[in-house]
Amino acid sequence: MPAIFTVDPRSGVPIYLQLTDQVKRSVALGVLQPGEQLPTVKQLALDLTINPNTVARAYRDLERDEIIETAPGRGSFVRGNGAAETSRAAASHVAHEALERAVREAKSIGLTRSRVRKLFNDALERWFPEEQ
Amino acid sequence: MSTISIQHLTKIYGRSAAVDDVCIEIPKGSVFGLLGPNGAGKTTTFKCILGLARPSSGTTLIDGAPLVPAVFERLAYVPERSVLYEWMTAGEHMEAQRRSFKRYDPARATELFALFNLDARKRVRAMSKGMQTALAIVLAFASRPEILVLDEPTSGLDPVNQRAVLKLIIDAAAQGATVVLSSHQIGQVERAAEHIAILQDGKVVLNGAVDDLKYQRKIVEGIFESDAFSVNGFERDARISRVEKTGRILRLTVSDGSDGLAAGLVSQGAQSVRIVDLNLEDIFLNAVAPSQSTADVVEAS
Amino acid sequence: MYYVEYLRALRALRVVAILLGILLALVVVMRLWLAAVHAESPDAWVTQMAQSSTAVVRTQRLSDGTVKTTIDDKAQRTHADIYDRGYAGKRLVITAPSSQLDMHFKHPLMIGSLHVVKSDANGMTTVVVDTNGGENIGDLFIVSLPFALIVATILGGALAKENDGHLEIAWTRPVSRAVYAVTAMSVDIAALAATEVLAVVVFVIAQAFFQMPRYGITTQGFQALLVALLVPAAWYALVTACSASFKRGLGAVIGLLWPAAILLPVFAAVRYGDSMTARTVSGLLRAVDTLNPLIYLPGMGPDGVTNGLSGLGLLGTSSLWASILVLIALTAAYSAAAIVQWWGVEA
C-alpha cells in the first residue's frame with residue numbers, strides 16, 4: 001500500500017480528524033476503490049509514527065460513517081455496498097468543510113457578501129461549465 | 001481499569017513539595033505523555049509509582065493494587081539519567097537482565113542491539129550519552145514489558161535513533177502495552193501519546209486526550225471597527241483562559257466552545273473572526289505560562 | 001539479580017589471583033635458587049637411595065600401625081629406616097659414609113616442619129630426621145586471612161555502591177529489597193570463602209615445592225578454620241552496615257574503620273590507672289572493642305596471646321567456640337543493620 005496518507009502532528013487539527021478526512025477524500029476521488037483493503041491499525045501507526053489508538057479511533061469513526069467496514073481477523077475495507085453513495089457522502093463532507101473554511105476566510109479579510117458571491121459563481125463557471 | 005492510578009500523590013523534600021496532590025489515571029493500553037518544565041515533578045512522580053521513593057501522602061496503584069516486586073517482571077523503567085554500571089559491558093548488562101527476568105527474549109535483544117548499533121563488548125564507561133540511552137532502551141524492551149515507564153527516553157539520541165525509539169513505543173502500544181513517557185520533545189509526545197498530563201510546580205495543570213485538547217483548545221481572534229470595544233465578561237467565562245487585546249484585535253485563548261464564542265464576537269460587532277488551531281506545543285506553553293486561575297487580561301498598546 | 005554482585009566478586013577474586021600468582025612465582029624462584037645451591041629435602045634423597053640398582057627395600061607394618069621401610073644398599077654402604085606414623089609424623093634414620101651425607105646435608109632444606117640430628121662415627125654419619133607430623137589445614141586458613149580481609153574491604157559496602165546511582169536498576173527487578181540485599185551479601189561472603197580456599201590451594205602448591213607436609217585437621221584446626229572464614233565475613237558485614245545509608249563516602253567509611261579496628265584493641269589494653277574514671281574508660285573501650293571482628297583472631301586479644309574474648313575477661317575460657325558464636329552473631333547483626341537501612345533508603 002503506497003503511503004497515501006500523511007499527518008502533521010504539529011498541526012492543531014487532531015490527528016484522527018486529519019486521517020478520517022484523508023480517507024474520505026481518497027474514497028471520494030476513487031484513489032481507494034470499494035472493497036480495497038486499508039492498512040492494519042498497527043501498520044499505519046508504525047508508518048506514520050502515531051499512536052495506534054489514534055488510528056483505531058479514526059477507523060471507528062469511518063466505520064460509523066459507513067465509509068469502511070471491518071471484518072474481524074481480516075482487516076478494514078472500503079465498503080463495497082453502495083460505494084457510490086458512500087463516496088458522495090464522503091466527498092460532500094470534505095467539500096462542505098473546505099467551503100465553510102473558504103467563506104470564513106473571505107469574511108475575515110473583509111470581502112463583502114456580493115464579492116464572495118461573485119467569486120463563488122466564477123468558481124462554479126470554471127468547474128461546471130456544461131451546466132451553464 | 002487503569003493500569004497506573006495516582007491518587008492525591010504528594011512528595012515533600014525538605015520543606016517544598018516536589019509533587020503536590022497529583023491525581024492521574026493511566027488507562028490500560030494507552031500511551032500517556034507526562035509533560036512539564038524542568039523540576040515540575042515528573043521524575044519524582046515516576047519514582048513514587050515505582051516505589052523508588054515513598055510518597056509523603058497519597059497512593060499509587062498498579063492494576064488496582066499496591067506495588068509488589070512481582071510487578072517488575074512485566075514493567076520496565078528507563079530513568080532520566082544513566083544508571084548503568086560504568087564498569088560493566090553492554091553484554092554483561094544484557095546477561096544480568098536475562099538472569100533477572102523470565103520474560104527476557106534473547107532474540108529480541110539481539111535484534112535491538114543491531115537496531116542501535118551497540119557493541120556488546122564495550123564498557124558503559126566508554127559509551128557516549130546517546131549509546132547509554134540506547135542500551136537502557138534495549139534493556140527495557142528486551143523483556144517485552146506490558147508496562148513501560150520512560151523518563152526522557154530519547155535524550156542524547158540522534159534523530160534516526162529517536163525515531164527508532166518512537167517506533168518501538170508505538171509497536172509496544174500496538175501490542176497492548178501501557179506506556180508512560182516524559183519528554184521535552186513535544187513533537188514526539190504529540191505523535192505517540194493519546195493522553196497527556198502537564199505538570200507544573202508539582203501540580204497537574206492540564207490533563208486530557210491529545211486529540212480532544214486540540215479539538216477544544218483554540219484561539220478565537222476578532223477584529224473590531226475601533227479599539228473602543230468592551231472585554232467585560234470574558235474574564236469570568238470559565239472556557240476562556242486568556243484575553244489579549246491589541247488595539248482593534250481581540251484574541252481569546254479558549255478551552256472549549258470556540259464556535260459559539262466566534263459567533264458571539266460577530267454579534268458584538270467584530271468585522272472579522274478567525275479560529276486558530278493550536279498544536280500541542282502551544283497548548284503546553286499556554287498551560288504552563290500563566291498560572292492564574294482567572295483569565296488573564298493583557299492590554300498591549 | 002545476583003549477577004552484578006557476582007561480577008564484582010569475580011573482579012575482586014582476580015586481584016587476589018594476581019597477588020597469589022606473584023607469590024607463587026616468588027616461591028618458584030626461591031626453589032630454583034635453593035636447587036642451585038644443592039639443597040634438597042631428605043625425602044627426595046631417600047627416594048633417590050631407594051632407586052639405586054643395588055638397594056634392597058623392605059616394608060613391614062609394626063604392631064602400633066607404623067609402616068617401617070628399610071632401604072639397605074651394601075654396595076653404596078648406605079642404610080635407611082623410615083618410620084611412617086601417618087598423621088603423627090615420619091622419622092628417617094639414615095646412615096651413610098660421611099662424605100656422601102655431608103654433600104646432601106650441608107644445606108638441608110629446612111622449609112617445612114623438620115628436625116635434624118646428625119652424628120659421626122668411623123667415617124660414617126647417621127642422620128635422624130623427624131618431620132613433626134601433619135600440618136593443620138585450619139592454620140593455612142588463618143594464614144590466608146589477610147587476602148580475605150583485602151577482598152572484604154573491596155567488596156564491602158555493596159549496598160552503598162548500589163545507592164550511588166544504581167538503585168533504579170537494582171530496585172526494578174522482580175525481587176524485594178530485602179531479598180536483593182541478602183542475595184548480594186551472600187554472594188560476597190561466598191567470595192570471601194572462595195578467596196581463602198584459593199589462597200590455601202596456592203599455599204599447598206607452594207609447600208609442595210619443598211617438604212610436602214601431611215595435611216590434616218584437628219578440632220582446634222577446624223575451629224581456626226571457622227574463625228578464619230567468619231572474621232572476614234563479619235568485617236564485610238560491618239563495612240556494609242556502616243555505609244548502607246550513604247550515597248557516596250564509602251571510601252571514607254573504610255578509611256575510618258581500618259585504623260579504628262586496629263587502634264581500638266591497643267587502647268583497650270592500656271591500663272589507665274585505678275581511678276573510677278580510668279576504669280570506666282577502660283571498660284568502655286573494652287566493651288566497644290567486642291564489636292570489632294578483628295579481635296576474635298587468635299593472638300589479637302588485649303593480652304596479645306589469646307583471642308579477644310578471653311583477653312577481655314568476658315569469658316573465663318579461651319574457647320574458640322565462643323569466638324565462633326560471637327562472630328556469627330556479629331555477622332548476622334551487622335547484616336541485619338545493613339538491610340534495615342537499605343529498607344529506608346530512597347532513590
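Quantities reported herein were computed from a predicted structural model and do not represent experimental measurements.
Counting heavy-atom pairs closer than 4.5 Å to chain A, the top residue among B:Asp171, B:Leu280, B:Leu166 is B:Asp171. Residue with the most contacts toward chain A among B:Lys167, B:Gln175, B:Glu194: B:Glu194 (heavy-atom pairs, distance under 4.5 Å). Top candidate by heavy-atom pairs under 4.5 Å with chain B, chosen from A:Val55, A:Leu48, A:Leu17, A:Asn51, is A:Asn51. Between chain A and the residues B:Ile186, B:Asn279, B:Asp277, the largest count of heavy-atom pairs under 4.5 Å involves B:Asn279.
Checking side-chain atoms of A:Thr54 against main-chain N and O of A:Tyr16 turns up no donor-acceptor pair under 3.5 Å. With B:Thr154 contributing its side chain and B:Leu157 its backbone, the two residues share no donor-acceptor pair below 3.5 Å. When atom types are taken as modelled, the side chain of A:Gln18 and the backbone of A:Asp8 share a donor-acceptor pair closer than 3.5 angstrom.
B:Phe46 and B:Tyr77 have perpendicular rings, their planes meeting at more than 60° on a 0 to 90° scale where under 30° would count as parallel.
Separating the CD atom in B:Gln188 from the CG atom in B:Leu181 is a distance of 7.5 Å, to the nearest 0.5 Å. For the atom pair CG (B:Leu213) and CG (B:Asp282), the distance works out to 12.5 Å, reported to the nearest 0.5 Å.
Interface residue A:Val13: backbone and side-chain heavy atoms are both found under 4.5 Å from chain B. With a 4.5 Å cut-off on non-hydrogen atoms, B:Ile223 does not touch chain A at all. For B:Ala193, the part sitting under 4.5 Å from any heavy atom of chain A is the backbone (N, CA, C, O) and nothing else. In this structure, the portions of B:Ala173 lying under 4.5 Å from any heavy atom of chain A include both its backbone and its side chain. For A:Ser11, the part sitting under 4.5 Å from any heavy atom of chain B is the backbone (N, CA, C, O) and nothing else.
Side-chain contact, B:Ser241 with B:Ser255: no donor N or O sits under 3.5 Å from an acceptor N or O.
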